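Just below is one structure, and these are the notes that go with it.
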There are 2 protein chains.
Amino acid sequence: MRQLKPEVVEQRKRHLLQWIVHYYIRTSKPVSSGLIAEEAGLDLSSATIRNILTELENEGYLAQPHTSAGREPTDKGYRFFVDYLSDVQRLAAGERERIEEQYRRRIGELDTLLVETSRLLSRVSQNAGVVLSPTAKKQSVKRLELIGLGGRNVLCVVATDAGLVRHWPMALAFTPTPRQLTALNNFLNEQVKGVPVERVKAQVTAKLGEIEREFREFADLAGELAREVGAIVSPESLYIEGADNILSQAEQFGDIKEVQSLMRVIGEKERLAEVLEREIRESGTENLPARVRVRIGEEAGLPELKAASLVTHVYRHGDRVVGVLGILGSKRMEYSRMMGLVDYVGRLVEARLSEWDEEEGR
Amino acid sequence: MRQLKPEVVEQRKRHLLQWIVHYYIRTSKPVSSGLIAEEAGLDLSSATIRNILTELENEGYLAQPHTSAGREPTDKGYRFFVDYLSDVQRLAAGERERIEEQYRRRIGELDTLLVETSRLLSRVSQNAGVVLSPTAKKQSVKRLELIGLGGRNVLCVVATDAGLVRHWPMALAFTPTPRQLTALNNFLNEQVKGVPVERVKAQVTAKLGEIEREFREFADLAGELAREVGAIVSPESLYIEGADNILSQAEQFGDIKEVQSLMRVIGEKERLAEVLEREIRESGTENLPARVRVRIGEEAGLPELKAASLVTHVYRHGDRVVGVLGILGSKRMEYSRMMGLVDYVGRLVEARLSEWDEEEGR
DNA sequence: ATCTGGCAGTCGCATCAAACGACTGCTAAT
DNA sequence: ATTAGCAGTCGTTTGATGCGACTGCCAGAT
């Protein structure tokens, strides 16, 4: 017979694998040789398909849940599928429209932006939406203000260049007059404006000596303040929305145990935050700056996420990566659509952040 | 033979019902007559028990899931159990200690207090903790401040007497000088201090005429500001924590569907908030001000909560009920312990709120 | 008047075998 | 290289059967 070139055979095999993963994602049933022969339009008999399937299984892309069953993709199979996904699906125009509509609403603060973004991701994807906020440490202080609340109590408000606002109450050692507060605010702002949050403490304490004569009673306040800026502003926060979506897609998961452990991870945000932070760290180390990254099953690093996949997109402020957003859902998600969504939303968030920079000068 | 007095028989019936509900809550299996004869220590034969069970069933306190099964409490049965619960369990000393420990950490703001409270409720109860924040409308403004962020942008910060702080960015129609900002802040604070949030708008617009000569350009700003105070500060917020607890107690529920719809309600906070608001409204209309209230199954008003119960405690600020907190869990929860917990935490929150009042004067 | 033992009857559930059907892997033919 | 055919494996469905856990009722004991 006519001998086919090896490349062609390889090509066909890959194409078949793509088809299988895609089909499996949609139907969530093991794919059998007979089914492929009928549906895939390859014009091969089921026997031939079986041969190919055996190869793919030996290579670790597919596995059988039990002997007399079809094949399911392994994590390696999903990985192949995602890596060679030819088209990251563009979002439908209507969907884009609706998303932008949401961002058109005036959002002026980082927190609001991130909360809305996680809601959006969850709603559109029908999975859980996650957004990790930039760590405040790297942001620089734009404004720091003490507001008298009566008596010794003041409210301390810090705003950073990236739009983050944090506030917390403090009790002073004395009852300040309005004049004193104004003076103190002026002093503080001169000192900390533009200083990265993580260095506020050093900056303020360094300058403390200079004012000792005039505002001696402020000295310890300023010191305490500097400490609090470091302590309170620093914890980064993780916004997760749409956990209920995951539960209502429970069929997508094999076992309820899997859903439970997934939910538990969502509950203990710290562990998930750690996973996402790793995305940020690793975003610099790659050659090709692929914006959208997919973690399949245990690739994310948590055994609890075995049955899940995570689609993420780091976002930058200026030229530094400051945060990461994405969706968390079943390993059997529609990768193409999800990647498209995450990519799009990620860009919108970046755009919004840089808009804030521009408005600055106005 | 000796005739028993009717009251005694009634008494015994009630006692048995209590025992059954309690036993069912622990074991989650239908309770049968034979089991009762053995375990309840009543010194009656199973046949006699059966007679009593039939009566209780006819009266609507018990039901059989199917003919050849034991009995389960109906909602009415649970209701009886809860209403006649003799001892609302006091929390163990160690548990109280741990809880107070958490509140000892300096919490100066309403938001923080409520978030921590919902976490606490969820952690201790192993159910979901819910806290509905006071509506801002009824609170009065303690302080309102504009903070310049450079250019025309200002950050508007409002603090209320109950410890609520809200902030949002605004763009002015002009670039204010620091002096102008100070003047504006002084003016605004004179006008709105102590005014209920819902009346800020009226107050400010009423006073606008007076300053027109001096600060004509402020007029429209002040108007816009007043509008925003009403709009942004008003939405009350619902804090829910520990949804994962509910999922990991899924065995407590008969059907996964029930867990799903429960989770969905938790996801759409609005509907749950509505239920909780009703608790606030109805808290005034009762003769006996029982602080802890229990809603069993559909009593809460949402069909989705059919399999759940809600234990709540309204909390007051001064003498007005401003919010409600509690736990949400399976209908088969340990009511006694949960009621004790909710009662205790509710009191702590009230205590904290009135502490703030006292600090005020210092 | 109460309680109890006994017994028939109901119903869910676990068990088991048998039949089924969905696959695969292999082999021999094309 | 591909295919048809076939034997063999294994999960799943089905239906029958029996068991056990109940209840309800009644007749007799207390």
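What you see is a predicted model, and the numbers here were worked out from it, not measured in a lab. A note on names: the letters A, B, ... follow the listed sequences, proteins ahead of strands, and every chain is numbered from 1.
The neighbour count for A/Glu274 CD, taken as heavy atoms of other residues, nucleotides or ligands under 6.0 Å away, does not exceed 12. Within a 6.0 Å radius of CG in A/Asp43, other residues, nucleotides and ligands contribute 12 heavy atoms or fewer.
Nearest nucleotide to the side chain of B/Ser68, out of C/dG21, D/dG24, C/dT10: C/dT10. Side-chain proximity of A/Ser33 to C/dG5, C/dT24, D/dT23: nearest is C/dT24. When the nucleotides C/dG25, D/dT3, C/dG21 are ranked by their closest atom to the side chain of A/Leu44, D/dT3 comes out on top. Comparing C/dC23, D/dT23, C/dG25 by their nearest atom to the side chain of A/Thr54 picks out C/dG25. For B/Ala47, taking side-chain heavy atoms from C-beta onward, the closest of the listed nucleotides C/dG6, C/dT24, D/dT3 is C/dG6.
Distance B/His66 NE2 to D/dC22 P: 9 Å, rounded to the nearest Å. In this entry the distance linking CD1 of B/Ile52 with C1' of C/dC3 reads 10 Å, nearest Å. Remark: C1' of C/dT4 and CG of B/Asp43 are 12 Å apart, rounded to the nearest angstrom. The distance from atom CD1 of B/Ile36 to atom C1' of C/dT4 is 16 Å, rounded to the nearest whole Å. We find that CD of B/Glu38 is positioned 15 Å from P of C/dT4, with the value rounded to whole Å.
Ion pairing between A/Glu304 and A/Arg264 fails under the 4.0 Å rule for side-chain N and carboxylate O.
If B/Asn51 and A/Thr67 are placed on DNA chain C by their nearest nucleotide, the residue sitting closer to the 5' end is B/Asn51.
One donor-acceptor pair, N or O on each side, does fall under 3.5 Å between the base of D/dG5 and the side chain of A/Arg50. Judged by atom type and distance alone, B/Thr48 does not reach the base of C/dC3 through any side-chain donor-acceptor pair under 3.5 Å.
Considering only side-chain N and O atoms, B/Arg12 lies under 4.0 angstrom from the phosphate OP1 or OP2 of C/dC3.
Not a single salt bridge (charged side-chain N to carboxylate O under 4.0 Å, His left out) links A/Glu298 to another residue, sequence neighbours left out.
B/Gln249 places no side-chain N or O within donor-acceptor distance of the main-chain N or O of B/Asn127, the cut-off being under 3.5 Å.
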